[in-house]
Protein chains: 2
Amino acid sequence: MITNKNCIIRLSRYKNALYRLQALGFVKVFSDNLADAVGGTASQVRKDFSIFGISGNKKGGYQIDSLLEKMNSILGKDQLQKVVVVGAGHIGSALMRYRGFEKEGIKIVAGFDIDPAKINRSNPVPVLPLEEAKSFIKSNGIRIAILAVPDIAAQQAADLICASGIKGILNFAPLGLKSGDGCIINNVNLEIELENLIYFVNVTEKTK
Amino acid sequence: MITNKNCIIRLSRYKNALYRLQALGFVKVFSDNLADAVGGTASQVRKDFSIFGISGNKKGGYQIDSLLEKMNSILGKDQLQKVVVVGAGHIGSALMRYRGFEKEGIKIVAGFDIDPAKINRSNPVPVLPLEEAKSFIKSNGIRIAILAVPDIAAQQAADLICASGIKGILNFAPLGLKSGDGCIINNVNLEIELENLIYFVNVTEKTK
DNA sequence: ATCATATTGTTCTATTTTTCACAATAACAT
DNA sequence: ATGTTATTGTGAAAAATAGAACAATATGAT
Ligand SMILES: NC(=O)c1ccc[n+]([C@@H]2O[C@H](COP(=O)([O-])OP(=O)(O)OC[C@H]3O[C@@H](n4cnc5c(N)ncnc54)[C@H](O)[C@@H]3O)[C@@H](O)[C@H]2O)c1
Ligand SMILES: NC(=O)c1ccc[n+]([C@@H]2O[C@H](COP(=O)([O-])OP(=O)(O)OC[C@H]3O[C@@H](n4cnc5c(N)ncnc54)[C@H](O)[C@@H]3O)[C@@H](O)[C@H]2O)c1
């Protein structure tokens, strides 16, 4: 099993680059083309492919469509991924309105909120009361949730959805959540992203 | 110079954990407390501290306030960081309304957009026409920008703000931007974050 | 048919990052 | 004062990741 997160991220990048190349009319690609496209080395491209059991043709490179097929299968994109959003506030509703996930085979199917004013069953992505989350998640077999509730409510909300069958949470609250029974939590911490950027801007400024 | 991004991210996490511990009334902390708080190892905490030249007291642990002082200085938090948002759409305006950055010493001072309908000079965070971006950035000495324009406009907008003096960009458009003259670009790619989460949920599901 | 060439796939090497281990030592107890 | 203990700080070991090198080989040229 591959546990290297960066490796999976690179796989997503390769896939996106391949779609762009395909759209430009390319049919095959070489490891160094792909390396250029994602800003890596040809060695690493081939190494990654080897890890995933993806093979090409000596001297002939890789067929883009077959590459994409394999990558999509590895990334679980051969079936539509249904996702729910918990917390239909600023971030939550920006995500629910965003159309860009669909072209990636990711569909936000519902939002949940405790605030009655946020409920709207006739939205393109309906926003439902939090009490309905458990049954909705269970009956639709949802495994992935985006958590966008205020910090103070995040742990409780995480516990609820884990108990409802959610297996992976993308958490926007800037704190570390504890996860029970095998639910994976990935954090998007924008404060930390900005701090990080500021740090590197400062140090490159100083050393110059 | 420390170039290890994860190390800086951990530093942010330590800092956040320390604020929480401080709020709970703690005055000093040991490496293993901090490790627990951020989900790491005591060894790594001490190693990180050693890398940054942070020292504590044998048997006495670390004074929280002095730790915070040093970390804030390393992370450039001893002065208010002014940030602009380019693209006042869904994501951009969610960020501009978010109050959470301020307690981190990060202040979004303006947004910029090409759509006249988005312009609003009397907002708490004013949204100004893109044409004013260059002079605003220059005259206010802004170094950090958040880029939240549609994918197709992202490279052009990045070029513009780099040329205006921006040194670091937090980019939300799901594509790799080229950066000229020493401008650092960090990407927040939510599609990839979700794909990654889905991958790990799938593999843990399978191996179970 | 043979040769030269380009490109993969993998092994070997280097680098980076994390973890381990323990000497040094400050605080506390007796 | 002396001894005991807890905890740091760091150098060495291990693990993980990335990169370089090159043998294997398919392709196309002659
Ligand atoms: N908005 C941003 O730009 C931004 C940036 C970084 C981090 N965040 C983080 O993202 C999270 C959401 O931020 P936001 O700005 O969207 O907040 P928000 O206040 O706009 O929205 C939160 C929503 O969650 C709902 N809610 C509260 N408790 C709930 C619960 N237990 N279950 C379901 N819904 C619940 C609220 O009714 C509200 O609609 C916060 O943790 C915040 O720190 C936001
Ligand atoms: N909304 C989301 O949840 C989400 C999720 C993932 C990624 N993204 C990415 O974030 C970016 C913004 O998404 P969004 O949903 O906020 O889009 P949006 O269409 O709501 O907003 C984009 C804004 O940028 C403005 N704009 C266009 N060209 C500009 C230019 N050259 N300079 C300044 N402003 C300009 C538009 O007028 C608009 O107000 C996109 O790249 C998108 O792919 C968004």
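These numbers were taken from a predicted model, which means no experiment stands behind them. When reading the values below, keep in mind they use all heavy atoms of this one structure, side chains included, and skip hydrogens, waters and symmetry mates. Here is how names work: the chains are called A, B, and so on, in the same order as the sequence lines, proteins then strands, and each is numbered from 1.
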Distance, rounded to the nearest Å, where B:K47 contributes NZ and D:dG11 contributes P: 8 Å
Sugar-phosphate only, base, or nothing, as touched by A:D32 at under 4.0 Å among non-hydrogen atoms: nothing
Main-chain N/O of A:A173 paired to A:N171 side chain as donor or acceptor, under 3.5 Å: yes
B:Y62 side-chain N/O to D:dG9 phosphate OP1/OP2 under 4.0 Å: yes
Donor-acceptor pair, side chain of A:Q81 and main chain of A:G105, under 3.5 angstrom: no
Value in whole Å for how far the P atom of C:dT16 lies from CD1 of B:I2: 14 Å
Interatomic distance where CD1 belongs to A:I8 and P belongs to D:dA16 [whole Å]: 16 Å
Selected nucleotide, minimal atom distance to B:F30 side chain, candidates D:dA18, D:dT8, C:dT8: D:dT8
hbond_proxy A:S43 side chain to D:dA20 base (donor-acceptor, 3.5 Å cutoff): yes
Nucleotide of D:dA18, C:dT18, C:dT8 approaching B:R10 most closely (side-chain heavy atoms): C:dT18
N/O donor-acceptor pair, side chain B:K59 with base D:dT7, under 3.5 angstrom: no
Close side-chain approach of B:I9 to A:E195, heavy-atom, < 4.5 Å: no
Sugar-phosphate only, base, or nothing, as touched by A:F49 at under 4.0 Å among non-hydrogen atoms: nothing
Shortest non-hydrogen contact between A:I198 and B:L75, atoms and distance: CG2-O, 3.9 Å
Nucleotide nearest B:K58 when distance is taken to its side chain, options C:dT25, D:dT10, C:dT10: C:dT25
Spacing between A:Q44 atom CD and D:dA16 atom C1', to the nearest angstrom: 13 Å
Length of the CD1-P vector between B:I51 and D:dG11, whole Å: 12 Å
Side-chain (B:K103) to main-chain (B:G100) donor-acceptor, under 3.5 angstrom: yes
N/O (side chain, B:S50) to phosphate O (OP1/OP2, D:dT10) under 4.0 Å: yes
Earlier contact from the 5' end, DNA chain D, for A:N4 and A:R46: A:N4
Distance in angstrom units between B:M1 CE and C:dT16 C1', rounded: 15 Å
Integer-rounded Å distance: C:dT8 P and A:D48 CG: 14 Å
Length of the CZ-P vector between A:F52 and C:dG9, whole Å: 15 Å
